[in-house]
Amino acid sequence: MALDLFNSLSGRIEEFAPAEGNKVRFYACGPTVYDYGHIGNFRTFVAVDVLRRYLRQSGFELMHVMNITDVDDKIIRNANQRGVPIGDYTRKFEQAFMEDMGTLGIEQPEQISRATEHIAGMARFIRKLADKGVAYQTEDGSWYFRIDKFPEYGKLSKKDFAGMIVDGGGRMDADEYEKDDARDFALWKAPKEGEASWETEIGPGRPGWHIECSTMAMEYLGESFDLHAGGEDLMFPHHENEIAQSESLTGKTFARHWMHVRFLLVEGQKMSKSLGNFYTLRDLVLMGHKPSSIRLLLTSVPYRKQLNFTFDGLTQSANSVERLRNFKLRMETSTWEPGANAEVAAMAQTAIGEMRASLNDDLNTAQALAAIFDLVRDVNAAADHGKVKKDDVPAILTALGKFDEIFAVLKDEDAAHVKAIVDWARAEGLEEKISPETLEMAKSAALSDAQVEELVAKHSEARKAKDFKKSDAVRDELLAQGVVLENTKDGVRWKRK
RNA sequence: GGCGCGGUAGCCAAGUGGUAAGGCAGAGGUCUGCAAAACCUUUAUUCGCCAGUUCGAUUCUGGCCCGCGCCUCCA
C-alpha cells in the first residue's frame with residue numbers, strides 16, 4: 001500500500017515515492033515573519049505536518065526543509081516604521097511562529113533556514129544564471145530573470161503565455177522600470193535609501209522573493225528533490241518562478257512532486273482584515289478556543305478541499321476531541337476482566353488499516369477520522385457489554401497511538417499552551433483581549449499531573465471510606481483549579497477543563 | 001475575461017454506476033451517594049435544478065442556477 005498524492009505539476013494523483021532509497025527530501029515554503037501567524041497560514045502548516053507525520057509513520061526517513069523569509073517589502077516597511085533594524089523586528093515574529101507551531105502540535109522540520117543567512121548563496125545562484133545568459137542586470141543594479149529563455153514557463157500553474165504581448169517597459173513600477181519583458185521577475189533588487197542591503201559578488205542590494213527558496217532548497221536537498229509544498233497562492237508566481245530559475249540553472253527537474261494546500265474560508269468568506277474575520281492563532285486562543293480544537297478542525301477537511309473555518313465548527317471539534325480523549329481515558333482507567341477477545345483485537349486492526357488506507361488516498365483525513373470514530377463506537381459498545389478483556393486493551397491503545405502520531409490531539413497539553421499565550425498577552429498589554437474561558441482553560445496549568453493524581457487519590461480514599469463530605473471537598477478543590485474529576489462505574493478519572 | 005474547485009441531513013463532512021461513512025447538535029434510554037460526565041440507541045426513500053446515457057445515477061454526459069479560489073509578494 002503506497003501513498004497516492006495529487007501532484008499539481010501533472011494535475012493527477014500519482015504514487016509518491018522518494019527518488020533515492022528510503023529518504024524523502026522535501027521543501028515546504030515557510031512564513032514571512034512580519035506579523036503573527038494567522039489561521040490560514042496554519043492550515044497549510046498543519047497539512048504539511050500531517051504529510052510529514054504520515055510519511056514517517058510509513059517508514060520513511062525525512063529531510064524536510066523550511067525557509068523563514070526574514071527580508072521583504074513588508075518587513076522593511078514595518079521595521080522602518082518602528083525605527084528598528086529588520087533583524088530585531090523579524091526575530092520577535094519568528095520566535096512567535098515557532099511557539100505557535102508548538103501550540104498546534106506541528107513538528108519542526110529537520111532544517112529551518114533564514115533567507116538572510118543565505119544571501120551569498122543567492123548571489124552566487126544569480127551569477128550563474130547570468131553566466132548562462134538567463135539573467136540580466138538593469139541600469140539601477142537590479143537583476144531580472146529572462147522568461148523567454150525558459151519555454152516551459154507556466155507548466156505548473158497551467159498558464160499559457162504563448163502569444164502574450166510582452167513589450168518591455170510597459171509597466172513603470174518603481175522596482176521594475178527597466179525589465180525587457182513584462183513577465184521577467186526580479187532576482188535581486190538594487191539598494192534603496194532606508195532599505196536593508198548586502199554587499200555581494202553581483203553588487204549591493206537585497207534578494208527578490210523567489211531566489212531564496214531555490215537557493216536553500218538546492219543547498220540542503222540537492223538540485224532535484226522529491227516534493228515541494230505550499231499554499232495554493234504560491235503556485236503562481238512564486239513556485240513557477242522557482243522552477244524557471246532552478247531548472248534553467250541545472251537543466252534538471254527541480255521538484256518532482258508539488259503539493260498545494262487550498263485556502264480556507266472563515267465563516268463562509270475569504271479571510272481578510274477588512275471583513276473583520278481575520279484571526280491569528282493567538283486571537284482564537286484568547287477568545288477561549290483550545291489549540292486541540294483548532295488543530296482538529298484544521299485537519300478534519302482534506303487539504304485540497306476548501307475548509308470553512310467557523311466558530312460553530314470549533315465548538316464541534318472541541319466536542320470531538322473530548323470524545324476521543326474520554327475514550328482513551330476509559331481504556332486507561334477502567335478495570336477489565338482477564339482474558340482476550342479476538343473480536344475486539346480485530347477492531348483495532350481494522351481501524352488502523354482503514355485509517356492508513358484513507359491517508360494513502362491523497363491524505364483523506366476526513367475518512368481517516370471516521371475510521372477512528374468507528375473504533376471508538378465499536379469498542380465502547382463492546383465494553384458496555386463486558387466484551388473487552390484485559391489483553392485487548394494494549395492493542396486498542398496502540399491503535400490510538402497510531403492515530404495520534406498523525407492527528408496529535410489526544411495528549412492534553414492545552415492548558416500549558418493556553419497559559420503561555422495568556423502570559424504573552426499580559427506581557428504585550430493585551431489584558432482586555434483575554435476571555436474568561438481562556439483564563440479558565442489556563443488554570444490547571446499550575447498543577448502537574450502528579451499533583452492532580454495525589455489529590456485524586458485523596459478523593460478516592462475518602463470516598464471509599466464513605467466520607468463524602470471530604471471527597472466532595474477535594475473534588476471541588478480540583479475543579480477550582482481547572483481539573484474535572486469524574487466517578488464512573490469503571491473507576492475514577494480526571495481531565496483538564 | 002483566462003484557469004480551477006464546490007453545491008450531500010440543523011451544522012461540519014466522506015463517498016460509490018446498484019440505491020447514502022463519520023463527527024457535532026437534537027430526541028429517547030442506561031449508569032450513578034451527590035455532582036458532573038460517560039456510554040448506548042435513534043435522526044437524509046435522499047445527495048442544487050433540468051435533460052440525456054443506462055436495467056439502474058447522488059456517482060457518467062450536456063445545459064442552467066448558486067457559492068468560492070487563483071490570475072496583484074495573501075498560506
Side-chain angles (χ1 to χ4, degrees), chain A residues 8 11 28-32 34-35 37-48 69 72-75 154 157-160 164 171 173 175 185-186 208-210 229-238 240-241 260-265 268-273 278 296-297 300-324 326-327 329-330 334 354 358 361 364-377 379-381 383-385 463 466-469 471-472 475-476 479 484-490 493-495:
Chain A
S8 320
C29 286
T32 300
Y34 67 98
D35 204 346
H38 58 70
I39 199 58
N41 296 119
F42 290 114
R43 180 190 197 189
T44 301
F45 294 117
V46 167
V48 172
T69 299
D72 90 320
D73 294 349
K74 281 190 295 280
I75 289 170
S157 54
K158 315 287 183 282
K159 291 185 189 305
D160 185 6
M164 228 183 174
R171 293 188 192 174
D173 186 289
D175 270 349
F185 59 88
W209 176 28
H210 322 290
E232 65 171 331
D233 61 314
L234 297 180
M235 184 151 33
F236 186 87
H238 185 53
E240 199 71 71
N241 291 351
H260 290 97
V261 181
R262 198 143 183 217
F263 269 19
L264 55 66
L265 257 35
Q269 289 181 293
K270 185 177 163 77
M271 180 169 70
S272 76
K273 284 182 177 161
F278 182 95
L296 187 69
L297 181 52
S300 64
V301 179
Y303 75 95
R304 281 205 298 139
K305 289 258 187 172
Q306 194 168 59
L307 180 157
N308 187 10
F309 191 92
T310 65
F311 289 100
D312 190 40
L314 227 30
T315 305
Q316 296 180 9
S317 293
N319 291 334
S320 298
V321 171
E322 272 295 291
R323 180 168 156 93
L324 293 167
N326 283 330
F327 175 69
L329 219 46
R330 181 180 192 182
S334 299
E354 283 180 4
S358 301
D361 181 13
N364 189 337
T365 45
Q367 205 164 61
L369 237 21
I372 295 308
F373 278 103
D374 281 340
L375 176 72
V376 171
R377 189 193 53 241
V379 172
N380 268 325
D384 282 359
H385 295 128
R463 201 163 165 269
K466 300 235 186 274
D467 183 354
F468 294 122
K469 210 171 150 191
S471 68
D472 286 358
R475 189 172 62 196
D476 290 345
L479 189 62
V484 179
L485 198 157
E486 292 166 3
N487 289 296
T488 73
K489 63 174 190 286
D490 289 327
R493 65 193 193 198
W494 64 273
K495 59 195 180 195

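In what follows, every chain begins at residue 1, and chains take the letters A, B, ... in the order their sequences are listed.
- Across rG6(B) and rG10(B), the matching P atoms stand 23 Å from one another, rounded to whole Å.
- With sequence neighbours excluded, the residues that form a ring-ring contact (aromatic ring centres under 6.0 Å, His included) with Phe311(A) are Tyr279(A), His289(A).
- Rounded to whole Å, the separation between the C1' atoms of rC49(B) and rC40(B) comes to 40 Å.
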Please step through side chain to side chain contact (heavy atoms under 4.5 Å, CB included) for the pair Arg323(A) and Phe373(A), ending with a clear verdict. CA-CA 9 Å; Arg323(A) 180 168 156 93; Phe373(A) 278 103; 3.8 Å; yes
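- Under the ring-ring contact (aromatic ring centres under 6.0 Å, His included) criterion, Trp494(A) pairs with no residue at all, not counting sequence neighbours.
- At least one side-chain heavy atom of Leu369(A) sits under 4.5 Å from a side-chain heavy atom of Leu296(A).
- A parallel orientation is assigned to the rings of His238(A) and Trp209(A), their planes being inclined by less than 30° (bins at 30° and 60°).
- With a cut-off of 3.5 Å on both pairing distances, the Watson-Crick or G-U wobble partner of rU41(B) is rA27(B).
- Base pairing analysis places rC71(B) opposite rG1(B); the two distances defining the Watson-Crick or G-U wobble pair are each below 3.5 Å.
- In this structure, the aromatic ring of Phe468(A) is positioned over the six-membered ring of the base of rG33(B), centres within 5.5 Å and planes within 30°.
- Among the heavy atoms of the strands, none lies under 4.0 Å from His210(A).
- Nucleotide rC47(B) is matched to nothing when pairs are restricted to Watson-Crick or G-U wobble geometry with both distances under 3.5 angstrom.
- Distance His238(A) NE2 to rC70(B) P: 17 Å, rounded to the nearest Å.
- The stacking criteria are not both satisfied for Phe42(A) over the base of rA75(B), which would need a centre-to-centre distance under 5.5 angstrom and an angle between ring planes under 30 degrees.
- For rU58(B) and rA9(B), the C1' atoms lie 14 Å apart once the distance is rounded to whole Å.
- Annotation: rG52(B) and rU59(B) have their P atoms spaced 14 Å apart (nearest Å).
- Side-chain contact between Lys305(A) and Tyr303(A) is absent, with no heavy atoms from C-beta onward closer than 4.5 Å.
- Among the atoms of the strands shown, only primed sugar atoms or phosphate atoms (P, OP1, OP2) are found under 4.0 Å from some heavy atom of Asn380(A).
- Counting atom types as modelled, Asp472(A) pairs a side-chain N or O with a base atom of rG33(B) as donor and acceptor under 3.5 Å.
- Across all strands shown, rA21(B) has no partner, as no Watson-Crick or G-U wobble contact with both distances under 3.5 Å is found.
- Taking atom CD of residue Gln367(A) and atom C1' of nucleotide rG15(B), one finds them 7 Å apart after rounding to whole Å.
- Counting any heavy atom pair closer than 4.0 Å across all strands shown, Arg262(A) reaches a base atom.
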Contact letters for nucleotides 24-32 of chain B, in which S counts primed atoms plus P, OP1 and OP2 and B counts the base, heavy atoms under 4.0 Å: BS-------
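- Note on Lys495(A): only backbone sugar-phosphate atoms sit closer than 4.0 angstrom, heavy atoms only; bases stay farther off.
- Taking the C1' atom of each, rA14(B) and rA20(B) are spaced 10 Å apart, rounded to whole Å.
- Here the side chain of Asn41(A) pairs a donor or acceptor atom with the backbone of His38(A) at under 3.5 angstrom.
- Nucleotides of RNA chain B nearest to Leu234(A) and Leu369(A) differ in position, and the one nearer the 5' end is that of Leu369(A).
- Side-chain contact check for Asn319(A) versus Gln316(A): every heavy-atom pair is 4.5 Å or farther apart.
- Taking atom C1' in both rC68(B) and rA27(B), the straight-line distance is 35 Å, to the nearest Å.
- The separation between Leu297(A) atom CG and rC11(B) atom P is 16 Å, rounded to whole Å.
- Between Arg475(A) and Asn487(A), some side-chain heavy-atom pair lies under the 4.5 Å cut-off.
- Side-chain atoms of Leu307(A) and Leu265(A), non-hydrogen and from C-beta on, never get closer than 4.5 Å to each other.
- rA13(B) and rG69(B) have their P atoms separated by 15 Å, with the value rounded to a whole Å.
- Summarising the base pairing, rC34(B) is matched to no nucleotide, lacking a Watson-Crick or G-U wobble pair whose two defining distances lie under 3.5 Å.
- At the heavy-atom level, Gly313(A) lies nowhere under 4.0 Å from the strands shown.
- Atom pair Arg43(A):CZ and rG69(B):P shows a separation of 14 Å (rounding to whole Å applied).
- The backbone N or O of Arg262(A) lies less than 3.5 Å from a partner atom in the side chain of Arg43(A), making a donor-acceptor pair.
- Taking atom OH of Tyr303(A) as the reference point, atom C1' of rG6(B) lies 16 Å away to the nearest angstrom.
- In this entry the distance linking CG of Leu375(A) with C1' of rA21(B) reads 15 Å, nearest Å.
- Residue Arg475(A) has no polar side-chain atom (N or O) positioned under 4.0 Å from OP1 or OP2 of rA36(B).
- Heavy atoms of Leu485(A) sit under 4.0 angstrom from at least one base atom.
- Closest-nucleotide positions on RNA chain B for Thr44(A) and His385(A) were compared, and the one nearer the 5' end corresponds to His385(A).
- Contact annotation for Pro302(A): backbone-only contact, meaning every heavy-atom pair under 4.0 Å involves sugar-phosphate atoms and none involves a base.
- Pairing for rG52(B) is with rC60(B), a Watson-Crick or G-U wobble pair whose two hydrogen-bonding atom distances lie under 3.5 Å.
- Side-chain proximity of Lys305(A) to rA38(B), rG15(B), rG69(B): nearest is rG15(B).
- Using a 4.0 Å heavy-atom distance criterion, Asn364(A) is classed as a sugar-phosphate-only contact.
- Looking at heavy-atom distances under 4.0 Å, Leu307(A) makes no contact with the nucleic acid at all.
- The side chain of Asp73(A) lies closest to rC73(B), out of rU72(B), rG22(B), rC73(B).
- Base pairing analysis places rA9(B) opposite nothing; no Watson-Crick or G-U wobble pair with both distances below 3.5 Å involves it.
- You'll find that the side chain of Arg377(A) is closest to rG23(B), out of rG23(B), rA75(B), rA14(B).
- OP1 or OP2 of rC70(B) lies within a sub-4.0 Å distance of a side-chain N or O belonging to Lys270(A).
- Nucleotides rG63(B) and rC70(B) are separated by 26 Å at their C1' atoms, to the nearest Å.
- Counting to the nearest Å, the P atom of rC3(B) and the CE atom of Met235(A) are 15 Å from each other.
- For Gln306(A) and rA14(B), the CD to P distance is 11 Å, given to the nearest whole Å.
- Counting non-hydrogen atoms under 4.0 angstrom, Val261(A) reaches nothing in the nucleic acid.
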